Structures are given as C-alpha cells and as structure tokens.
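One structure below.
As the structure is a prediction and not an experimental result, all values here were calculated from the model. Residue numbers start at 1 and run along the sequence shown. Whatever order the structure lists them in is the order used to number ligands and atoms, beginning at 1.
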Amino acid sequence: MSDCIFCNIVTGESPSHKVYEDDDILAFLDINPINPGHTLVIPKEHYKDLTDTPPELASKLIQTVQKIKPAILGAVGADSFNLGVNVGKKAGQVVFHTHFHIMPRFEDDGHKLWGGKQVAQDELALTAEHIKKLL
Ligand code: AMP
Ligand code: ZN
C-alpha cells in the first residue's frame with residue numbers, strides 16, 4: 001500500500017468506480033461529487049500536481065478529458081462542465097497526486113464560480129510587469 005490514495009486506486013488496492021483506463025491514464029468517479037458524474041482524471045504514474053507532471057503526460061490528461069467528456073455529460077444529462085485543477089493546499093488541493101476534476105453543471109445547481117475583485121488598471125499593469133520580469 002502507498003501513502004497516496006490515488007496510487008492505491010491505480011493498483012486496485014483501494015476501490016473506485018472506474019469509467020476509463022488506458023496505459024497511462026485512469027478516470028474514476030469522485031467519492032464526494034459536487035454533482036452527478038463528477039469524475040477525476042489522473043496519470044497512473046505519481047506526480048504531486050500538474051506543475052511537476054511531464055508535459056506529454058499532461059497533454060494525455062487533456063486528451064482524455066476531451067475523449068470522455070461526451071459520455072460523462074451524456075450519462076447525467078448535462079451540457080456544461082467545469083474543469084478543475086487545484087494546485088497547492090491554499091488552492092484546495094487535498095490529494096497530492098495530479099488530477100483534473102470534470103464537474104458536470106446544471107441550471108440552479110447551487111454552485112458558484114469564484115468571485116472577481118475590482119482592481120485599478122495600474123495595479124493590473126504592475127502585476128503584469130512583475131510576472132513578465134520573472135519569466
Ligand atoms: P483536490 O481537492 O483537488 O485534491 O480533490 C481531491 C478529490 O479527491 C476530492 O474531490 C475527493 O472527494 C476525492 N477523493 C478522495 N479520496 C477519494 C477516493 N478514495 N475515491 C474517489 N475520490 C476520492
Ligand atoms: Zn499517487
């Protein structure tokens with residue numbers, strides 16, 4: 001058994017409701033769904049988050065999202081979804097094994113998007129300059 005719950009799901013040592021699998025990628029239902037059909041897409045190999053996942057593998061995650069999205073939405077009667085990636089504890093990451101959330105959305109389902117804050121144009125300009133200097 002690994003310390004990582006998703007690694008244990010990959011090996012089959014922990015149970016899951018799998019919806020898709022290939023050589024590199026696994027998708028299974030989230031145990032605490034925000035809505036029906038809430039699915040997690042993960043690389044089978046362990047990386048702690050999207051930023052340390054090799055680009056080829058990250059690309060396969062996106063390709064898998066594109067491949068399985070019609071079936072997920074079709075199964076639950078949705079035509080919209082949020083794609084979520086939480087990176088780091090403060091952003092809400094709880095499981096430190098790279099994963100995308102596919103979250104089907106419905107009219108008046110009670111969920112909100114994050115709220116934007118009003119800021120001055122010069123503050124945006126300063127932030128943009130700062131970021132560009134660090135690239
Ligand atoms: P995050 O906050 O992005 O790290 O999300 C982790 C997600 O994994 C949460 O939505 C949990 O409900 C989900 N989760 C944790 N353990 C399991 C499990 N054993 N099977 C399926 N989903 C899980
Ligand atoms: Zn893992």
Side-chain angles (χ1 to χ4, degrees):
M1 275 293 234
S2 158
D3 287 346
C4 172
I5 179 64
F6 288 178
C7 283
N8 292 331
I9 286 174
V10 170
T11 61
E13 290 165 288
S14 295
S16 68
H17 294 278
K18 295 179 186 173
V19 300
Y20 175 83
E21 182 168 15
D22 62 29
D23 287 348
D24 305 304
I25 307 292
L26 178 66
F28 53 94
L29 297 183
D30 195 294
I31 204 168
N32 288 128
I34 70 141
N35 272 335
H38 182 165
T39 300
L40 301 173
V41 186
I42 72 168
K44 287 185 170 176
E45 204 170 333
H46 182 93
Y47 295 96
K48 72 172 169 33
D49 64 45
L50 187 62
T51 57
D52 74 347
T53 303
E56 303 73 32
L57 199 50
S59 165
K60 283 184 181 162
L61 284 171
I62 291 287
Q63 288 171 47
T64 304
V65 170
Q66 291 177 327
K67 187 184 292 189
I68 68 177
K69 165 243 166 183
I72 293 170
L73 296 197
V76 300
D79 65 11
S80 304
F81 70 105
N82 290 117
L83 182 62
V85 186
N86 301 327
V87 178
K89 203 171 154 198
K90 294 187 192 73
Q93 187 176 6
V94 174
V95 177
F96 288 83
H97 179 131
T98 304
H99 56 281
F100 284 180
H101 296 254
I102 299 177
M103 296 169 282
R105 295 299 303 272
F106 303 92
E107 202 74 44
D108 300 323
D109 63 10
H111 297 295
K112 289 196 167 66
L113 295 179
W114 48 78
K117 297 173 185 169
Q118 288 217 325
V119 292
Q121 284 296 321
D122 55 355
E123 191 177 332
L124 292 178
L126 270 178
T127 305
E129 283 313 311
H130 195 177
I131 291 169
K132 285 187 272 186
K133 267 188 204 138
L134 294 177
L135 283 174

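Each of the following atoms of ligand 1 lies closer than 4.0 Å to a heavy atom of Asn32: 12 (O). Those atoms of ligand 1 that come under 4.0 Å of a heavy atom in Leu40, given as number and element, are 8 (O), 13 (C), 22 (N). Atoms of ligand 1 found under 4.0 Å from any heavy atom of Asn86 (numbered from 1 in listed order, with element): 1 (P), 2 (O), 3 (O). The distance from ligand 1 to the heavy atoms of Leu29 drops below 4.0 Å at these ligand atoms: 21 (C).
Using a 4.0 Å heavy-atom cutoff, Ile34 is absent from the residues neighbouring ligand 1. A heavy-atom separation below 4.0 Å is found between Ile9 and ligand 1. Using a 4.0 Å heavy-atom cutoff, Ser14 is absent from the residues neighbouring ligand 1.
Residue-environment remark: CG (Asp52) exceeds the threshold of 12 foreign heavy atoms within 6.0 Å. The 12-atom threshold is exceeded at CD of Glu21, counting heavy atoms of other residues, nucleotides or ligands nearer than 6.0 Å.
His46 has its closest N, O or S atom to the Zn ion (ligand 2) at the position named ND1. His97 contributes atom ND1 as its closest N/O/S atom to the Zn ion (ligand 2).
Among protein heavy atoms, the minimum distance from atom 17 (C) of ligand 1 is reached at Ile31 CG2, 3.7 Å. Scanning the protein heavy atoms around atom 7 (C) of ligand 1, the nearest turns out to be Asp30 OD2, 3.5 Å. The protein heavy-atom contact nearest to atom 19 (N) of ligand 1 is Ile5 CG1, 3.6 Å. For atom 2 (O) of ligand 1, the nearest protein heavy atom (residue, atom name, distance) is Gly92 O, 2.6 Å. Scanning all protein heavy atoms for the shortest distance to atom 4 (O) of ligand 1 gives Val94 N, 2.7 Å.
Counting heavy atoms from C-beta outward, Asn82 and Ile34 have side chains that stay 4.5 Å or more apart. Ile25 places none of its side-chain heavy atoms less than 4.5 Å from the side chain of Ile42. A 4.5 Å side-chain heavy-atom check between Lys44 and Asp24 finds every atom pair outside the cut-off. Here the side chains of Tyr20 and Val41 are not in contact, with every heavy-atom distance at 4.5 Å or above. Val10 has its side chain out of reach of His46: every pair of non-hydrogen atoms, C-beta onward, lies at least 4.5 Å apart.
A donor-acceptor pair under 3.5 Å is formed between the side chain of Gln93 and the backbone N or O of Lys48. Of the possible polar contacts, one joining the Asp109 side chain to the His111 backbone as a donor-acceptor pair under 3.5 Å is found. Side chain of Asn8 to backbone of Ser14: no donor-acceptor contact under 3.5 angstrom is found.
With hydrogens and angles left out, the side-chain atoms of Ser59 and Gln63 include a donor and acceptor closer than 3.5 Å.
Heavy atoms of Phe96 found under 4.0 angstrom from ligand 1: none, in either backbone or side chain. Contacts with ligand 1 closer than 4.0 Å are made by no heavy atom of Phe100, backbone or side chain.
When ring centroids are compared, His99 and His97 stay outside the 6.0 Å threshold.
Between His101 and ligand 1, at least one pair of N/O atoms sits closer than 3.5 Å. Here's the thing with Pro15: none of its N/O atoms is less than 3.5 angstrom from an N/O atom of ligand 1.
The nearest non-hydrogen atom to atom 6 (C) of ligand 1, considering only Met103, His99, His38, comes from His99.
Between SG of Cys7 and SG of Cys4, the angle at the Zn ion (ligand 2) works out to 120°, rounded to 10 degrees.
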